[in-house]
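All remarks here apply to the structure that follows.
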Amino acid sequence: MGDDKNQVESITNMEDDFAKWYTDVVLKADLIGYTTVKGCMAIKPYGYAIWENIMHELDRRFKATGVQNVSMPLFIPESLLQKEKDHVEGFAPEVAFVTHGGAEQLQERLCVRPTSETLFCDFYAKDISSYRDLPRLYNQWCSVVRWEKTTRPFLRSREFLWQEGHTAHATADEAIDRTLTMLNVYAEFCEEVLAIPVIKGEKTEKEKFAGAVSTYTIEAMMHDGKALQSGTSHYFGDGFAKAFEILFTDRDNIQKNVHQTSWGMSTRIIGAVIMTHGDNRGLKLPPEIAPIQVMIVPIRQEKEEVQGAVSLLKERLEKIVRTDVDLTDKSPGYKYSEQEMRGIPLRLEIGPKDVEKGQVLLVRRDTQEKIAVEMAEVETRVINILKDIQENMYISAKKNREEHTYSVEAYEDFKQLFDNNNCFVRAKWCGCKECEEKIKEELSVSSRCMPFDEQNSIDGECIYCGKKAKYMVIWGKAY
RNA sequence: CGGAGUGUGGCUCAGUUUGGUAGAGCGCAGCGUUCGGGACGCUGAGGUCGCAGGUUCAAAUCCUGUCACUCCGACCA
């Protein structure tokens with residue numbers, strides 16, 4: 001692999017300081033810039049292109065399940081936010097308000113939306129009157145504001161981009177179905193497109209969304225062993241519908257409240273991609289969302305035969321993958337490092353020697369493997385290698401998670417695991433809030449979720465109090 | 001919001017202890033030589049030292065206040 005000593009000297013090693021490594025990568029991979037407003041980041045073209053690919057792929061999957069896109073207001077009158085008690089209590093501490101219009105003070109303060117349940121509810125109350133109007137399967141792509149105290153690019157910013165889906169249904173069963181359908185969409189998206197393995201499960205009472213009956217989540221493990229909640233889907237029952245008087249006349253001519261759901265995924269998922277796949281050379285993007293999948297690096301680009309080969313290759317590759325050519329006057333070595341920093345999955349080197357031999361050199365970002373390929377086979381090899389990179393990244397991420405996941409029965413063992421490292425630990429729980437809070441207090445470990453496929457025939461004792469256990473829970477330190 | 005740290009050209013920082021009118025490396029621009037793992041030479045542009053007060057003949061440096069950013073905790077997507 002050659003001599004590494006002069007390379008990537010400017011980013012922190014992830015083993016030395018993972019948090020510092022993360023911000024170094026975010027900045028050096030050219031994803032964002034800081035702005036003069038604390039916690040509000042400027043997403044640069046390369047970072048936004050990643051988000052565009054994420055949006056495109058998610059949107060396609062939403063629409064395949066019948067979802068339609070809409071746009072709701074940015075502002076929520078304070079009285080509207082107050083209507084659902086749990087909801088307002090959950091969000092009040094981090095809401096930003098508009099108090100003036102020009103020089104005049106407003107009669108009622110307007111919240112800048114931290115999430116739009118109340119706006120959708122207000123709208124649905126007017127828009128729905130019959131069972132024939134149901135279900136409503138709406139989604140919006142927008143930004144929301146939460147006045148966070150400490151902020152980090154993508155992971156916790158005061159304004160962030162996301163999508164929020166809000167649905168209304170005639171029956172509880174149908175709403176629960178929708179909640180789980182969307183959770184599955186998120187899970188498949190993470191695994192197939194982002195190459196991030198996730199655990200699907202239900203949040204505990206303590207961790208669930210403000211105003212929800214139940215919250216479902218997908219949890220991913222980052223390279224440092226910490227957990228990142230990567231997408232959530234909430235079932236609301238008819239709680240919001242009662243607070244906002246969303247009524248419809250059913251087939252039996254009786255007025256009923258709708259049953260609702262909401263579900264969201266944000267630009268935080270870009271943080272998950274960075275922290276799941278990245279290494280000490282920088283970002284590592286799964287081919288499915290990489291804005292540039294193949295970067296062609298000409299060597300001796302002033303030579304005519306190289307130029308000819310480059311434009312031919314570009315023309316051929318552009319038809320099948322997202323391709324770009326680095327024609328800057330940097331040295332080849334510099335270009336290699338820079339493109340590795342930016343996470344470009346595959347590099348294609350072409351110089352006078354290659355032209356002579358009728359071949360090119362492909363270099364994989366994930367393994368650094370160098371592969372000489374006949375000119376005639378470039379398309380098929382590129383396609384196959386990109387596919388292999390995508391799979392390999394998923395496998396590595398899953399391996400990392402499995403290596404840092406444990407199952408324990410005794411609190412002593414539980415404690416020791418978290419004393420020594422960040423990890424996921426499977427441990428049984430009695431279901432009471434006190435135990436959960438004590439664990440969090442003592443070890444700063446939270447319940448990540450109760451995984452769906454592990455709740456059958458639970459026996460044995462709660463990890464904390466020793467009483468009869470009711471649930472299997474995945475515990476971990478979280479972002 | 002609690003703890004710690006940092007603000008000096010685009011970036012990383014020196015200079016602050018002991019006040020005397022601003023430096024380096026990288027980057028940037030031009031020209032030339034280079035080009036298979038972060039090339040080199042020459043020339044050049046660029047800073048009212050985070051902001052506001054104060055002390056002083058004189059402040060990047062001392063005092064007060066304030067703002068921002070980073071990291072570690074508590075909370076969220």
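Computed over heavy atoms, backbone and side chain alike; hydrogens, waters and symmetry mates excluded. Quantities reported herein were computed from a predicted structural model and do not represent experimental measurements. Labels below follow one simple rule: chain letters A, B, ... track the order of the sequence lines, proteins then strands, and each chain is numbered from 1.
Applying the salt bridge (charged side-chain N to carboxylate O under 4.0 Å, His left out) definition to pairs two or more places apart or across chains, those involving residues 54-64 of chain A are A/Glu57-A/Arg60, A/Glu57-A/Arg61, A/Asp59-A/Lys63, A/Arg61-A/Glu192. The salt bridge (charged side-chain N to carboxylate O under 4.0 Å, His left out) pairs that include a residue from residues 291-309 of chain A are A/Arg300-A/Glu302, where partners are two or more places apart or lie in different chains. Residue pairs meeting the salt bridge (charged side-chain N to carboxylate O under 4.0 Å, His left out) criterion with at least one member in residues 139-152 of chain A: none, sequence neighbours excluded.
Partners of A/Arg316 by side chain to side chain donor-acceptor pair (under 3.5 Å), not counting sequence neighbours, listed by chain and number: A/Glu379. A search for ring-ring contact (aromatic ring centres under 6.0 Å, His included) contacts involving A/His169 returns nothing, not counting sequence neighbours. With sequence neighbours left out, the side chain to side chain donor-acceptor pair (under 3.5 Å) criterion links A/Thr217 to A/Glu219. Looking at residues two or more places apart in sequence or on another chain, you find a ring-ring contact (aromatic ring centres under 6.0 Å, His included) between A/Tyr411 and A/Phe414, A/Tyr464. Listed by chain and number, the residues in a salt bridge (Lys or Arg N to Asp or Glu O under 4.0 Å) with A/Asp388 are A/Arg364 (sequence neighbours excluded).
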Along nucleotides 3-10 of chain B, 5' to 3', which nucleotides get a B, which get an S, and which get a -, given that the test is a protein heavy-atom distance under 4.0 Å?
-> --------

Which parts of nucleotides 70-77 of chain B does protein reach within less than 4.0 Å, heavy atoms only, written one letter per nucleotide 5' to 3' as B for base, S for sugar-phosphate only and - for none?
-> SSBBBBBB

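Paired runs in RNA chain B that reach 3 or more consecutive Watson-Crick or G-U pairs, where each pair keeps both distances under 3.5 Å, cover B:1-7 with B:67-73, B:10-13 with B:23-26, B:28-33 with B:39-44, B:50-54 with B:62-66.
Salt bridge annotation for A/Lys335-A/Asp329: absent, with no cationic side-chain nitrogen under 4.0 angstrom from a carboxylate oxygen.
Near RNA chain B, meaning a heavy atom under 4.0 Å from it, residues 58-71 of chain A has no residue at all.
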